[in-house]
Asker: 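Mind having a look at this structure? Questions to follow.
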Amino acid sequence: MVERSIDWLKQAERDLENAKYELVGGYYEWTCFLSQQAAKKAVKAIFQKLGCEAFGYVVAGLLQKLPKEYKPSKDLIDKAKELDKAYIPTRYPNAHPEGAPYEVYTEGEAKRMISYAEEIIKFCKDILSKI
């Protein structure tokens, strides 16, 4: 397997930039989704650097599968769990009892998801700098 952790990390940072752009435009559902994607890609960068395949889309699950010496805090895993709740319902109208996703997500929620993604990306960058 070709080691491409830097590409995963660069795309994570780009997705986070896009999340912030969507926030300014009021596209809160996309802000939440892109924040989740950014966090996921940053965690996958660690697995790449370690020479491992990382399957799945659940940020919290990926964080929990990291080797013991890289395990995150419970607080960071809880934030990842909240991000993971944005993976499907941000994109599909039938994921909510009523309303399109853009009618369901709020600015406050979108800002919170960005901050969680920023924390996870920082956590991943710190680990990558030590491997």
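Position 1 is the first residue of the sequence; numbering continues from there. Just so it is clear, the structure is predicted and the values come from calculations on it, not from any experiment.
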Asker: Evaluate the side-chain proximity of Y87 to F33: yes if any heavy-atom separation is below 4.5 Å, no if none is.
Answerer: yes
Asker: Pairs of donor and acceptor atoms involving the side chains of residues 124-131, under 3.5 Å and at least two apart or interchain, shall be tabulated with distances.
Answerer:
from, atom 1, to, atom 2, distance (Å)
K125, NZ, E13, OE2, 2.8
D126, OD2, K122, NZ, 3.1
S129, OG, D126, O, 2.7

Asker: Is there a continuous path of hydrophobic side-chain contacts, each under 4.5 Å between heavy atoms, that joins V58 to Y70?
Answerer: no
Asker: Given E109 and K85, is the salt bridge (charged side-chain N to carboxylate O under 4.0 Å, His left out) satisfied, shown in steps?
Answerer: CA-CA 12 Å; E109 193 170 19; K85 293 175 186 173; over 6 Å; no
Asker: So, for A117 and L16, which heavy atoms are closest and what is the spacing to 0.1 Å?
Answerer: CB-CD1, 3.9 Å
Asker: Under a 4.5 Å cut-off applied to non-hydrogen side-chain atoms, are N18 and E22 in contact?
Answerer: yes
Asker: Assess whether atom OH of Y105 is packed by more than 12 heavy atoms of other residues, nucleotides or ligands within 6.0 Å.
Answerer: yes
Asker: With a 4.5 Å heavy-atom cut-off, do I114 and L34 have their side chains touching?
Answerer: no
Asker: Got a second to check how far Q37's CD is from Q11's CD, nearest 0.5 Å?
Answerer: 10.0 Å
Asker: If we only count heavy atoms from C-beta on, is the Q36 to M113 side-chain gap below 4.5 Å?
Answerer: no
Asker: Please list every donor-acceptor pair under 3.5 Å in which a side-chain atom of residues 93-101 meets a protein atom from a residue at least two apart or in another chain.
Answerer:
from, atom 1, to, atom 2, distance (Å)
H96, NE2, P89, O, 3.1

Asker: Any pair with a residue in residues 41-60 that passes salt bridge (Lys or Arg N to Asp or Glu O under 4.0 Å), sequence neighbours left out, goes on the list, sorted by first then second residue, please.
Answerer: D15-K41
Asker: Please walk me through it: do K79 and E119 pass salt bridge (charged side-chain N to carboxylate O under 4.0 Å, His left out)?
Answerer: CA-CA 9 Å; K79 290 174 180 178; E119 284 185 56; 2.7 Å; yes
Asker: Testing the basics here: between L76 and P72, what is the closest heavy-atom pair and its distance to 0.1 Å?
Answerer: CD2-CB, 3.8 Å
Asker: List the atom of A12, the atom of I121, and the distance in Å for their closest heavy-atom pair.
Answerer: O-CD1, 4.0 Å
Asker: Mind listing the closest non-hydrogen atom pair of T31 and A19 along with its distance?
Answerer: OG1-O, 3.3 Å
Asker: Rounded to the nearest 0.5 Å, how far apart are NZ of K65 and SG of C52?
Answerer: 12.0 Å
Asker: Heavy atoms, side chains only, cut-off 4.5 Å: are L63 and F123 in contact?
Answerer: yes
Asker: Hydrophobic cluster membership, with links at side-chain heavy-atom distances under 4.5 Å among I/L/V/M/F/W/Y: are W30 and I88 in one?
Answerer: yes
Asker: Are L50 and V43 linked, directly or through intermediate hydrophobic residues, by side-chain heavy-atom contacts shorter than 4.5 Å (ILVMFWY only)?
Answerer: yes
Asker: Count the heavy atoms of every other residue, nucleotide or ligand shown that sit under 6.0 Å from CZ of R4, and state whether that count exceeds 12.
Answerer: no
Asker: Could you tell me which non-hydrogen atom of F47 sits nearest to which non-hydrogen atom of L66, and how far apart they are?
Answerer: CE1-CD2, 3.6 Å
Asker: Between Y116 and L9, is there a shared hydrophobic cluster once you connect ILVMFWY residues whose side-chain heavy atoms come closer than 4.5 Å?
Answerer: yes
Asker: Take L62 and K40 through the side-chain contact (heavy atoms from CB on, under 4.5 Å) test and state the conclusion after the steps.
Answerer: CA-CA 8 Å; L62 290 167; K40 176 191 73 172; 4.0 Å; yes
Asker: Between the side chains of S5 and E3, is a donor N or O closer than 3.5 angstrom to an acceptor N or O?
Answerer: yes
Asker: For side-chain contact (heavy atoms from CB on, under 4.5 Å), just list the numbers for I120 and L83, CA-CA rounded to whole Å, side-chain angles, deciding distance to a tenth of an Å, and then say yes or no.
Answerer: CA-CA 10 Å; I120 291 170; L83 276 169; 3.7 Å; yes
